[in-house]
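Okay, so here's the structure we're looking at.
For ligands, and for the atoms within them, numbers begin at 1 and follow the listed sequence. Values below: all heavy atoms of this structure, side chains included; hydrogens, waters and symmetry mates excluded.
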Amino acid sequence: MHELGIVFHIADSVEKIAEENGVSKVLGVTLEIGEVSTVMGDYLTDCWNWNAKKSEVLNGCELKIETVKAVTHCDGCGRRYETVAHGKICPHCGSENTWLLQGNEVSIKEICVEDAEMEVSYARDEQGGHPAEQRG
Ligand SMILES: [Zn+2]
């Protein structure tokens with residue numbers, strides 16, 4: 001995972017959202033980072049702070065990171081379990097026919113601007129192509 005690339009991508013998205021909403025200053029951005037995404041939060045924050053200085057909209061913007069618990073779905077028994085605790089083998093039925101439901105994503109949860117907090121619906125990054133979108 002390349003933290004710098006993620007920072008550029010997030011910064012682009014935030015700037016775009018700010019522009020669309022007529023916002024000239026973004027005070028804070030909250031990210032959701034999956035438990036098994038391999039993104040290093042501290043390094044991501046460093047990259048963010050370095051990059052934010054170059055942007056008028058993002059200068060001084062604080063990056064907050066929330067961790068999303070990794071959950072795996074088992075096709076063998078249809079149940080879900082914690083990925084970090086059990087890995088690829090289902091603790092309920094022993095099946096290896098499992099896939100990551102959530103926990104690999106890096107997404108913007110919230111953007112804080114001067115006047116109000118904007119709830120942002122932001123399409124999750126397609127990373128690793130896990131079949132989480134095939135639900136239902
Ligand atoms: Zn199972």
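Each ring-ring contact (aromatic ring centres under 6.0 Å, His included) pair with one or both residues in residues 11-39, not counting sequence neighbours, would appear here, but there are none.
Using cut-offs of 30° and 60° for the angle between ring planes, the Trp99 and His73 rings count as tilted.
In this structure, the side chains of Thr83 and Thr98 stay at 4.5 Å or more apart for every pair of heavy atoms.
Other members of the cluster containing Trp50 are Leu4, Phe8, with ILVMFWY side chains joined at under 4.5 Å, either directly or via other members. Tyr43 forms part of a hydrophobic cluster together with Met40, judged by ILVMFWY side-chain heavy-atom separations under 4.5 Å.
In terms of heavy atoms, Thr38 sits closest to Glu3 at O-OE2, 3.9 Å.
Listed by chain and number, the protein N, O or S atoms at a distance under 2.8 Å from the Zn ion (ligand 1) are Cys74 SG, Cys77 SG, Cys90 SG, Cys93 SG.
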